[in-house]
Amino acid sequence: MRIAPLPAWPAAAAEAAAVQDRMRPLLDLASPGPQEPRTVAGLDVTYAGDGGAGDRLAAAAVVLDFATLEVVAESVVTGASPFPYVPGLFAFREVPALVEALRRLPAAPDLLVCDGHGLAHPRRFGLACHLGVLTGLPAFGVAKTAFVGAHEPPGPRRGDASALVDGGETVGRALRTRDGVKPVFVSVGHRIDLDTACRHTLALAREYRLPETTRRADRLSRDALGAG
DNA sequence: GCGACAG
DNA sequence: ATCTTGTCGC
């Protein structure tokens, strides 16, 4: 798929945070999003290193048929991280490699599912927001742990959910994808609403806690890092 | 001031 | 994120 060239990449934390503040107004938080996407891309990055800039990485994009969950396309790229791991600036570590992986897909997917948060972020601009704006595609995040906000434990059954609230606003949802298993944290990125994102998360996570998109991308990026 | 902190 | 054994349960 085609994606515009990235701007000069920030090297300092203050500069990166300013980029987030500048991009945030570009978010579409009003659209309901695709109710029946044909294809969904899962994105994930695996690292070798201690979290510093320059760590080796492999970024994977795996496109699934939303109805059957079969893989219809995939791409993976290896390289070096341009940014250290800093909570709140996580996207600056992953975005360039993920964008390159998306560029190498034969066609644009209908939806992006990111391994991390969207609006559930200190400046309301997590990885899923960043990738959504850069690609123009509907995007949301599914994270394994909470980052900002407070929530009541959701009920014990698959599908039970509770609001993730930060600074008085609902920024996401704790969603149980399996009976009696820790919830995941869903938040909107771009061009999709929270109800739709949670519905799609449940559709993608039938037999495991994490969405099949994330599991496939995790495996592909892991294998590529080991091989390359 | 102290602790917590997506991956 | 990553480093790692055994153990419990379907």
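Numbers restart at 1 for each chain; the letters A, B, ... are given by sequence-line order, proteins then strands.
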Quick one: closest heavy-atom pair of A:Leu164 and A:Val148, and the distance?
->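 That closest heavy-atom pairing would be CD1-O, 3.5 Å.
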
Is A:Arg22 positioned over the aromatic face of A:Phe125, cation under 6.0 angstrom from the ring centre and no more than 45 degrees off axis?
-> no

If you take the centroid of each ring, where Trp contributes its six-membered ring, are [Y] and [X] closer together than 6.0 Å?
| X | Y | result |
| --- | --- | --- |
| A:Phe66 | A:His200 | yes |
| A:Phe185 | A:His151 | yes |
| A:His130 | A:Phe92 | yes |

Roughly how many Å is it from CD in A:Glu207 to P in C:dG9, rounded to a whole number?
-> 22 Å

Taking protein heavy atoms under 4.0 Å as touching, what does nucleotides 2-7 of chain B look like 5' to 3' if B marks base contact, S marks sugar-phosphate-only contact and - marks none?
-> ---BBB

Classify the nucleic acid contact of A:Arg56 as base, sugar-phosphate or nothing, counting any heavy atom under 4.0 Å across all strands shown.
->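 Touches nothing.
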
